[in-house]
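Structure first, then comments.
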Amino acid sequence: QVQLVESGGGSVQAGGSLRLSCAVSGDAYSSNCMAWFRQAPGKEREGVARIYGRAGTTTYADYADSVKGRFTISQDSAKNTVYLQMNSLNPEDTAMYYCAANIHCPTLSRTLFNYWGQGTQVTVSS
């Protein structure tokens, strides 16, 4: 079992930045792959970024095209926390952001992830 708790959401103006955090507890093996998803009202949940690999080994990260160059996913294994640094935010980034975990994640498909947090709201005004 893995427990995920997100924090760091809020309201910002376009062009601003936010850093989301996801506190991870439970089975470390089951959280080998961590990801951020988002869901805007009336839209499907979409993958934003994923990071995989364990501390002491090479880690990999990739991103949805819509956030490349603006968002950065990272992890602090000592703190069991995954972050999503979001820069140059625009109103299209407004959504509920969810942290997700799984043993493996060959793609950013939401169907691959077994563990989810409750979400944190991000609102970007123009």
Side-chain angles (χ1 to χ4, degrees):
Q1 288 289 331
V2 176
Q3 293 77 44
L4 306 172
V5 179
E6 302 96 334
S7 61
S11 297
V12 295
Q13 290 192 326
S17 298
L18 281 174
R19 188 178 78 159
L20 306 183
S21 299
C22 174
V24 184
S25 59
D27 181 8
Y29 179 69
S30 295
S31 59
N32 185 61
C33 179
M34 299 295 303
W36 286 95
F37 287 76
R38 66 185 181 185
Q39 187 166 18
K43 294 187 177 181
E44 292 190 356
R45 192 170 298 188
E46 63 173 355
V48 174
R50 60 178 172 143
I51 187 167
Y52 47 102
R54 302 305 303 167
T57 67
T58 303
T59 57
Y60 302 89
D62 64 7
Y63 303 87
D65 288 343
S66 59
V67 306
K68 279 181 181 176
R70 300 188 298 123
F71 291 11
T72 303
I73 188 171
S74 62
Q75 59 183 10
D76 184 334
S77 298
K79 296 182 179 180
N80 291 328
T81 303
V82 178
Y83 302 99
L84 185 69
Q85 177 67 44
M86 306 185 296
N87 298 327
S88 301
L89 286 161
N90 59 63
E92 289 70 39
D93 296 316
T94 295
M96 184 73 78
Y97 283 70
Y98 298 91
C99 181
N102 201 49
I103 298 174
H104 302 296
C105 56
T107 68
L108 256 179
S109 171
R110 61 178 179 169
T111 60
L112 296 175
F113 290 83
N114 290 321
Y115 303 100
W116 294 86
Q118 294 300 306
T120 185
Q121 178 67 38
V122 171
T123 302
V124 185
S125 58
S126 57

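All values below come from the heavy atoms of this structure, side chains included, with hydrogens, waters and symmetry mates left out. Values in this document were obtained by computation on a predicted structure and should not be read as measured data.
Applying the side-chain hydrogen bond (donor to acceptor under 3.5 Å, both in side chains) test to pairs two or more places apart or on separate chains, those with a residue in residues 103-114 are Asn102-Asn114, Ser109-Thr111. Sorted by first then second residue, the disulfide bond (SG atoms under 2.5 Å apart) pairs that include residues 70-101, not counting sequence neighbours, are Cys22-Cys99. Screening residues 7-16 for side-chain hydrogen bond (donor to acceptor under 3.5 Å, both in side chains) gives no qualifying pairs among residues at least two apart or on separate chains. Residue pairs meeting the salt bridge (charged side-chain N to carboxylate O under 4.0 Å, His left out) criterion with at least one member in residues 82-100, sequence neighbours excluded, are Arg38-Asp93, Arg70-Asp93.
For Tyr83, there are no ring pair (Phe, Tyr, Trp, His ring centres under 6.0 Å) partners at least two apart in sequence or on another chain. Listed by chain and residue number, Gln3 satisfy the side-chain hydrogen bond (donor to acceptor under 3.5 Å, both in side chains) test with Ser25 (two or more places apart in sequence, or in another chain). For Asp62, the salt bridge (Lys or Arg N to Asp or Glu O under 4.0 Å) criterion is met by Arg50, not counting sequence neighbours. Partners of Arg19 by side-chain hydrogen bond (donor to acceptor under 3.5 Å, both in side chains), not counting sequence neighbours: none found. Take Ser17 and apply the side-chain hydrogen bond (donor to acceptor under 3.5 Å, both in side chains) test, not counting sequence neighbours, and it matches Asn87. Lys43 pairs by the side-chain hydrogen bond (donor to acceptor under 3.5 Å, both in side chains) definition with nothing, not counting sequence neighbours.
In the hydrophobic clustering of this structure, Phe113 does not group with Tyr52; members are Ile, Leu, Val, Met, Phe, Trp, Tyr whose side-chain heavy atoms approach within less than 4.5 Å, directly or through other members.
Val5 belongs to no hydrophobic cluster, as no Ile, Leu, Val, Met, Phe, Trp or Tyr side chain comes under 4.5 Å of its own. By the 4.5 Å side-chain criterion applied to Ile, Leu, Val, Met, Phe, Trp and Tyr, Val82 is assigned to a cluster that also includes Val2, Leu4, Val12, Leu18, Leu20, Val24, Met34, Trp36, Val48, Ile51, Tyr63, Val67, Phe71, Ile73, Leu84, Met86, Leu89, Tyr97, Tyr115, Val122, Val124.
Ser126 approaches Ala14 most closely through the heavy-atom pair CA-CB, 4.3 Å.
Once rounded to the nearest 0.5 Å, the distance linking OG of Ser31 with CG of Asn80 reads 7.5 Å. The distance from atom CD of Glu6 to atom OG1 of Thr81, rounded to the nearest 0.5 Å, is 12.0 Å. We find the SG-CG distance between Cys105 and Asn32 to be 7.5 Å, quoted to the nearest 0.5 Å.
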